[in-house]
Structures are given as structure tokens and as C-alpha cells.
Student: 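Below: one structure in C-alpha cells.
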2 protein chains.
Amino acid sequence: MGLLHDEGLDAVSMRRVADRLGVAPNSIYAHVADKAALVDELIDAMLGTVSTPTDDGWRERIERVMRDSRGALLAHPDLIPFALVRQSVGPNALRLGEVTLTSLREAGLDGAEAVTGLQVLLVHTIGSAAFEAGRTQDPEPAARSRRGRERAVDFGGVTAELSDPISRWSGDVVFERGLAWLLDGLVSDTASHD
Amino acid sequence: MGLLHDEGLDAVSMRRVADRLGVAPNSIYAHVADKAALVDELIDAMLGTVSTPTDDGWRERIERVMRDSRGALLAHPDLIPFALVRQSVGPNALRLGEVTLTSLREAGLDGAEAVTGLQVLLVHTIGSAAFEAGRTQDPEPAARSRRGRERAVDFGGVTAELSDPISRWSGDVVFERGLAWLLDGLVSDTASHD
DNA sequence: CGATCATGTTGTACAGTGTACAACTTAATT
DNA sequence: AATTAAGTTGTACACTGTACAACATGATCG
């Protein structure tokens with residue numbers, strides 16, 4: 001985690017980690033199966049900073065879990081893509097998933113629907129964080145295309161309208177609006193079912 | 001794209017691509033700035049298979065764009081994580097974004113809100129595809145943990161309830177339900193604004 | 001026409017990556 | 001005291017992305 005925080009995920013190689021610990025690179029394989037497994041543990045360690053909410057209302061609890069998880073994700077942007085694809089379900093992810101699931105049941109969703117709701121919320125939270133992290137960081141990997149190949153230009157004037165506000169927009173809006181829409185949709189769906 | 005389809009993204013190295021083309025590895029750098037830029041072009045090429053919808057209603061058009069994009073994404077699962085983080089906005093992504101944006105305006109959203117709506121829809125579509133792809137593929141990278149470290153067990157019985165249905169569930173449900181909730185939330189929000 | 005120049009290709013090379021294998025040391029258990 | 005388990009190490013393999021200088025080719029222009 002220290003290495004990740006100091007120099008980013010690219011610096012987290014087996015050799016660098018081993019250096020940091022003062023051991024040989026292979027020693028790590030006695031504690032971790034794989035590099036992927038190491039990243040999985042990093043992800044769950046990151047979620048360890050998110051506390052279990054104790055609010056009264058189910059909606060407030062869900063909003064807090066998702067908002068805080070988003071904060072933890074954005075604190076370590078390099079990890080976000082892996083959080084979506086490799087859902088390792090470590091103890092911390094499990095803890096937060098549990099709270100959300102019971103909150104959704106409190107909201108009136110039955111077993112299968114609550115699970116679907118949790119998954120949709122996860123997709124939105126992690127997905128919007130990934131989207132924002134992509135916009136935020138590394139703007140200059142190799143100075144765009146080779147010889148100004150002018151792709152993504154003049155597609156009818158909508159281009160400026162589309163790609164411009166995207167580039168300088170607030171990720172909070174996307175997250176908060178999407179979260180509100182989803183929670184609204186969840187309850188209205190339940191109400192119509194009854 | 002052929003190499004990606006045949007052997008997955010890991011096989012798409014500069015050397016392998018060069019072999020496939022019968023040239024030296026460095027030659028590729030005359031056409032592509034970076035390996036990341038190459039992946040960006042792969043992503044846009046993948047979106048090239050998604051056709052622009054011509055349905056009457058705005059909702060049908062949006063649903064078709066998102067559903068078809070999801071299909072294209074799931075056809076090349078290795079690319080999905082990068083589609084969220086590196087939004088390169090190639091010509092095809094631009095084309096589809098344009099249709100969605102005008103459809104959202106047709107639904108009654110004004111400039112800034114339409115852009116937010118598009119972004120939320122993108123996050124959900126790509127995010128749920130990433131979520132599903134993570135569950136679907138590579139179940140055995142190195143046979144779990146080293147010595148059965150029994151993590152993610154007995155968290156109060158909810159574990160089975162939570163991790164079990166997640167492991168064998170249909171990704172369609174998550175995508176369709178989330179999409180419906182979002183579109184419902186979008187229009188109801190607009191209605192209340194008027 | 002000949003010279004300049006942009007475009008593309010190549011060989012060589014560097015610094016790094018994940019991880020397999022066998023040997024060894026230490027601590028715990030029988 | 002003997003056996004087993006857990007952890008560490010050195011060496012090694014087969015790769016990776018890409019920088020640099022040199023070379024070939026076709027097009028452009030005086």
C-alpha cells in the first residue's frame with residue numbers, strides 16, 4: 001500500500017515490493033498466490049478505510065456506503081479498473097455488501113431483487129469512479145497521436161459540444177445524479193409490485 | 001483485432017502484432033504512438049460493429065445503442081476495463097454518443113443534463129459489462145490462494161446468500177434492470193422540472 | 001532532371017516484468 | 001531426536017515496451 005501510494009500501481013512489481021520488505025522477490029509467492037491475488041488484497045485493504053454506516057434510514061446508509069466507497073476508490077485511482085473486473089469479495093467488500101443488502105431488504109426488495117439492486121449500485125459506484133479516474137489522471141502518455149492524425153474532429157459540430165463538457169466536468173454530478181435515479185427507480189419499482 | 005480474437009489481449013504485444021504483419025516490432029510505432037493508443041484503436045474498432053439505431057422513439061434508440069454496445073463489449077471482454085478508464089472518443093464512440101445525446105434531448109433534457117445522462121448511461125453499460133466479464137472469464141489464474149487461507153468465509157451466514165447468487169447469476173438482469181431504472185429516473189426528473 | 005524531404009522500415013539494445021525450479025534455513029510437531 | 005511445515009534465496013527463462021541510429025523508398029519542388 002505504501003508503494004502504491006508513493007509511486008502508483010506501475011511501481012508495484014514483485015521486485016519493488018520485495019525490495020521494500022528487504023527480501024528476495026520469490027519470497028512473496030509464499031504469502032500470495034499471484035500478482036493478481038496481491039492486487040486483490042490491495043483492493044480489499046483500500047476498502048478497509050470505509051466504515052460501516054450507522055444511520056437510521058436505509059437510504060442514508062446506502063448513500064453513505066456508496067459515497068465513502070467512491071472516496072476510497074478515488075484515493076487510489078490505479079486500482080479502480082481491477083475493482084470492477086476482479087471482484088475478489090474480500091472481508092471488507094463483504095462487510096459493505098452485507099450492510100447494503102440488508103438496507104435494500106429494509107427498502108422492501110425481496111431476495112433476488114435485493115441482490116440485483118446491490119450489483120447495479122456497485123456497477124454505478126465503481127464504474128463512475130473509473131470513468132472519473134480516467135478523465136483525471138495521465139493526460140500525456142505519449143503526446144497523443146504520432147503526427148496529428150486529427151481523429152475525433154469535425155463530426156458535425158456536435159463534437160465540441162460532446163467532448164468539451166466531458167473533459168472539464170465534475171464527476172460528483174454523474175455519481176450523485178445516477179445514484180439518485182437508481183434509488184428512486186428501486187423504490188418506485190417496489191411500490192408498483194405491491 | 002484478429003490476434004485479440006484468437007488469443008486474447010495478453011497475446012496482443014507489439015512483437016506479436018509485428019509478427020502477424022510480417023514486419024519488425026518497431027515499425028508499428030510509425031503508425032501508433034503507444035501501446036495504449038493501439039488499444040484505444042482496438043476499442044473503437046470494436047464499437048464499429050454497433051450500428052446507428054433508426055427506431056422511432058428516443059427510448060428505443062437509447063436502449064438499442066446501449067444493448068448493442070454491451071454485446072460488442074462482451075464479444076471482446078479483455079477490452080472492457082480499458083473502455084471505461086481510457087475514454088479515447090474515437091469516431092465510432094463519437095457516432096454513438098451523438099445519437100444518444102440527441103435522443104436524450106428529445107426526451108426533454110437540456111444541454112448539461114443530457115451530457116450527464118449520457119455519462120451515467122455509459123457508466124452503467126460499460127460498467128455492467130465489465131462486472132459480467134469479470135465473473136465470466138478466467139476463474140483459475142493460480143488456483144486461488146496458496147494454502148487455503150479461508151478468507152471470505154463465515155461472515156454470519158450472509159456470505160452464502162451474498163456470494164453464491166452473485167457467482168451464478170445472469171448479467172442480463174443487472175443490465176436491463178439498471179437501464180430501466182435509469183431511464184425512468186431520467187424522465188421523471190425532467191417531468192418534475194417542468 | 002536532380003536534390004530535398006517526409007514516411008516508413010530495420011537491427012540492436014536497455015531496463016524491466018512475472019514466476020518456475022531446486023536448494024537451503026529455520027521453527028513447530030510428533 | 002526425528003520429521004514435517006513454512007519461509008527464504010539464487011539462478012534462470014521467456015517475455016515485455018520502446019528508445020536510438022541507420023537505411024530504404026516514394027513524393028515534391030526548384
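Heavy atoms only: backbone and side chains are in, while hydrogens, waters and symmetry mates are out.
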Student: Please confirm whether the shortest side-chain N or O distance from A/H31 to OP1 or OP2 of D/dA6 is below 4.0 Å.
Tutor: no
Student: Heavy atom of residues 13-23 of chain A under 4.0 Å from DNA chain D: which residues?
Tutor: A/R15, A/V23
Student: Among pairs that include at least one residue of residues 100-129 of chain B, which meet ring-ring contact (aromatic ring centres under 6.0 Å, His included), considering only residues two or more places apart or in two chains?
Tutor: B/H124-B/F175
Student: Taking only the side-chain heavy atoms of B/N26 (C-beta and beyond), determine which of C/dT19, D/dC20, D/dG7 contains the nearest atom.
Tutor: D/dC20
Student: Let me know the distance between CD1 of B/I28 and C1' of C/dT7, rounded to the nearest Å.
Tutor: 16 Å
Student: Determine, for A/E60 against A/R64, whether the closest basic-nitrogen to carboxylate-oxygen distance falls under 4.0 angstrom.
Tutor: no
Student: Partners of A/D68 by side chain to side chain donor-acceptor pair (under 3.5 Å), sequence neighbours excluded?
Tutor: none
Student: Compute whether any side-chain donor of one residue and acceptor of the other, for A/R177 and B/T116, lie under 3.5 angstrom apart.
Tutor: no
Student: On the nucleotide D/dT9, are OP1 or OP2 found under 4.0 Å from the side-chain N or O atoms that A/S27 carries?
Tutor: yes
Student: Among all residues two or more places apart in sequence or in another chain, which pass the side chain to side chain contact (heavy atoms under 4.5 Å, CB included) test with B/E176?
Tutor: B/R67
Student: Donor-acceptor pair, distance only, cut-off 3.5 Å: does the side chain of A/R86 make one with the backbone of B/G134?
Tutor: no
Student: Taking the nucleotide of DNA chain D with the closest heavy atom to each, which residue, A/A24 or B/P25, is nearer the 5' end?
Tutor: A/A24
Student: Distance check needed: D/dA19 C1' versus B/K35 NZ, whole Å only.
Tutor: 18 Å
Student: How does DNA chain C read in dot-bracket, base by base from 5' to 3', with Watson-Crick or G-U pairs under 3.5 Å and | used when the partner is on another strand?
Tutor: |.|||||||||||||||||||||||||||.
Student: Just to verify, what does B/T52 make a side chain to side chain donor-acceptor pair (under 3.5 Å) with, not counting sequence neighbours?
Tutor: B/R95
Student: Which nucleotide wins on minimum distance to the side chain of A/Y29, given the candidates C/dT19, D/dT9, D/dC20?
Tutor: C/dT19
Student: Provide, to the nearest angstrom, the distance between the CG atom belonging to B/L9 and the C1' atom belonging to D/dG17.
Tutor: 14 Å
Student: Indicate yes or no: does B/K35 engage B/D40 in a salt bridge with an N to O separation below 4.0 Å.
Tutor: no
Student: Charged N to carboxylate O below 4.0 Å: is that the case for B/R70 and B/D172?
Tutor: yes
